[in-house]
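See structure below.
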Amino acid sequence: MSFFGGGGAPQQPMQPDPLFAAQTEMEMYTVLFNKLTQSCFKKCASRKHKEPDLHLGEMSCIDRCVAKYMDSQELVGKVLQAANEKQAAQQMQMQQMQQAMGGA
Amino acid sequence: MSFFGGGGAPQQPMQPDPLFAAQTEMEMYTVLFNKLTQSCFKKCASRKHKEPDLHLGEMSCIDRCVAKYMDSQELVGKVLQAANEKQAAQQMQMQQMQQAMGGA
Amino acid sequence: MSFFGGGGAPQQPMQPDPLFAAQTEMEMYTVLFNKLTQSCFKKCASRKHKEPDLHLGEMSCIDRCVAKYMDSQELVGKVLQAANEKQAAQQMQMQQMQQAMGGA
Amino acid sequence: MENIQNLPKHQQQQLEQHLVNSQVKDSLTMYMGLVERCFDTCVNNFRTKSIDKYETKCLTNCAERYIKTANRTGLRFQEHQAMQMKRAQEMAQGMGGAN
Amino acid sequence: MENIQNLPKHQQQQLEQHLVNSQVKDSLTMYMGLVERCFDTCVNNFRTKSIDKYETKCLTNCAERYIKTANRTGLRFQEHQAMQMKRAQEMAQGMGGAN
Amino acid sequence: MENIQNLPKHQQQQLEQHLVNSQVKDSLTMYMGLVERCFDTCVNNFRTKSIDKYETKCLTNCAERYIKTANRTGLRFQEHQAMQMKRAQEMAQGMGGAN
């Protein structure tokens, strides 16, 4: 929700550079993987660290944690998309109103 | 306070590249915005998340939180600036002492 | 442990670009310095912040904290290296098995 | 903002391209951070493999409330920046307005 | 993944170089994060200058268990991505397969 | 450090420019992190719109004490790096000094 996005629409909106977009998409997979690993380590592996191995309960917790993290990723994605669409629609309305009143 | 800064002053100190400085300044606005949004969400919005809307108390808390965060930003900035000036002055003194003793 | 690393070994593996490797190494010193400073500030400096100076106990705690952080850095490094070597060995075995069975 | 004004024309365009690129990265980073924060708050038991209806409600509300918070802090932040710019200009005029 | 497929040849190579470079940075970043996390959990008294045998055991186990966790989440994550790709292809075929 | 020594001349300059650039970014990042940390510790009630004298004192002390901590860890860190370099050189000499 970078606040730069608001305000009047630029005439011919500059597109993000495709190579940069592809690099970012790659990097985000690693960010997602690191975040879900850190979250599931915090929630499933006990902090006592008595032995070097994960015991059975911790392993099945980790499997379920990954599945639930990916569900949450999808769910929050839908909420964000709906909010972006609503905001884009509001901006369109604002522009039409301005044009209707003979504005820029 | 990157520790690289210490030690003898380079002859003709390299300046940061202006385009990079401008990009960094832009990025820092987004970093500041994200940090104050995260801090105020943590301090003002209750973690129960019972309904999708913010209630009145949470909204006014957020407004005050933004104001206080920006006050803190300014205050800490002054402390840092004073510390940097003090450090730069100490470095100058060190050089003068070295020159006075016929050093490099 | 970026999961991209797994899977079949590319024919002529692309090397990281040397300038990038040198820049990353430099940046990691700053990351390490910032992390140990933040950890030792959290563990040694009381959060009451009654006066502007660190008292004696906090100062010696910080000195010992830096030493112990660097010990931990070395120890965890050895564990990671052993794990990487084990994983590389397993990958080699997998390839030899594939070649033995006339696989690609 | 002084860094930005005195950049040559073609560098201003590079800056704008950088800005558009970083907006893509910022919104993805915000998305990833929001999932991490709401997952941490809302999902705490792992007896089953899929999120139940309480977790679903908590996650949806958490995301909605964060977006509303960000919209609100965005407005307050822009107001604060505008006020600071005004104060800076007044100070410049106050000193014989030679800027 | 659509961003990546429709990149011209030489840019795909730049992307691969970027990928190899970021893997160096990722593993260093993971290493630094792992030290910070295990230090935070395992080292809490500073009466002496060097880590004792309990702290050493805790740090080693913490690192071993994080690596095992990352290997396991890596597998589950790849399985999930493969399943999603399959579902996306099926959906595309479902709509007359004109993709 | 071996990565850095064997870089060609013009790349060493690029590295130095990168270093100077990152110092700008590092100090801004440190500043932003310090505000976040001291705000989190010192500012906890939002009945009014401006920071009171206790919060002001806490914020100022928090920033002062962090800077003093960073100066101290900086010295200890440099001593530790110097000692490690010396040990590495001794080890190299120990092996017939053919480095």
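Letters A, B, ... are given to chains in the order of the sequence lines, protein chains preceding strands, and every chain is numbered from 1. These numbers come from a predicted model, not from an experiment.
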Item to check | Value rounded to 0.5 Å, distance of OH in D:Tyr31 from CD in A:Gln81 | outcome: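 The OH atom of D:Tyr31 sits 9.0 Å away from the CD atom of A:Gln81.
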Item to check | Spacing of CE belonging to A:Met14 relative to NE2 belonging to D:His18, to within rounding of 0.5 Å | outcome: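 Reported value, rounded in 0.5 Å steps: 12.5 Å.
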Item to check | Interchain contact, A:Leu32 with chain D, by part (heavy-atom threshold 4.5 Å) | outcome: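 Both parts, backbone and side chain.
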Checklist entry - So which part of A:Lys78 gets closer than 4.5 Å to some heavy atom of chain D, the side chain, the backbone, both or neither? => result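 No part of A:Lys78 comes within 4.5 Å of chain D.
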Checklist entry - Based on non-hydrogen pairs under 4.5 Å, which of D:Thr29, D:Leu75, D:Asn44, D:Thr48 is most in contact with chain A? => result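 Sorted descending by pairs with chain A, the first entry is D:Thr48.
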Checklist entry - What pairs with D:Asp40 under salt bridge (Lys or Arg N to Asp or Glu O under 4.0 Å), at least two apart in sequence or on another chain? => result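 Partners of D:Asp40 by the salt bridge (Lys or Arg N to Asp or Glu O under 4.0 Å) criterion, ordered by chain and then number, come out as A:Lys43.
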Checklist entry - In residues 59-72 of chain A, which residues are in contact with chain D at a heavy-atom separation under 4.5 Å? => result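 If one takes a 4.5 Å heavy-atom cut-off, the residues of residues 59-72 of chain A near chain D are A:Cys61, A:Asp63, A:Arg64, A:Cys65, A:Ala67, A:Lys68, A:Tyr69, A:Asp71, A:Ser72.
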Checklist entry - Can you say whether D:Thr73 sits under 4.5 Å from chain A via the side chain, the backbone, both, or neither, judging by heavy atoms? => result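 Contact with chain A is absent: no heavy atom of D:Thr73 under 4.5 Å.
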Item to check | Heavy-atom proximity to chain A below 4.5 Å, by part of D:Val43 | outcome: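 Looking at D:Val43, backbone and side chain both touch chain A.
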Next on the checklist: Does atom CD (D:Gln13) have a neighbourhood of more than 12 heavy atoms from anything else shown, all under 6.0 Å?
Outcome noted: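 No, because the 6.0 Å sphere around CD of D:Gln13 holds 12 heavy atoms or fewer from other groups.
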Next on the checklist: Which one wins on heavy-atom pair count under 4.5 Å against chain D: A:Val31, A:Leu36, A:Thr24, A:Leu75?
Outcome noted: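 The answer is A:Leu75.
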Next on the checklist: Once side-chain hydrogen bond (donor to acceptor under 3.5 Å, both in side chains) is applied, do any residues pair with D:Gln17, and if so which ones, sequence neighbours excluded?
Outcome noted: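 If we apply the side-chain hydrogen bond (donor to acceptor under 3.5 Å, both in side chains) test to D:Gln17, skipping adjacent residues, the hits are D:Asn21.
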Checklist entry - A:His49: what forms a side-chain hydrogen bond (donor to acceptor under 3.5 Å, both in side chains) with it, not counting sequence neighbours? => result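 Residues passing side-chain hydrogen bond (donor to acceptor under 3.5 Å, both in side chains) with A:His49: E:Arg65.
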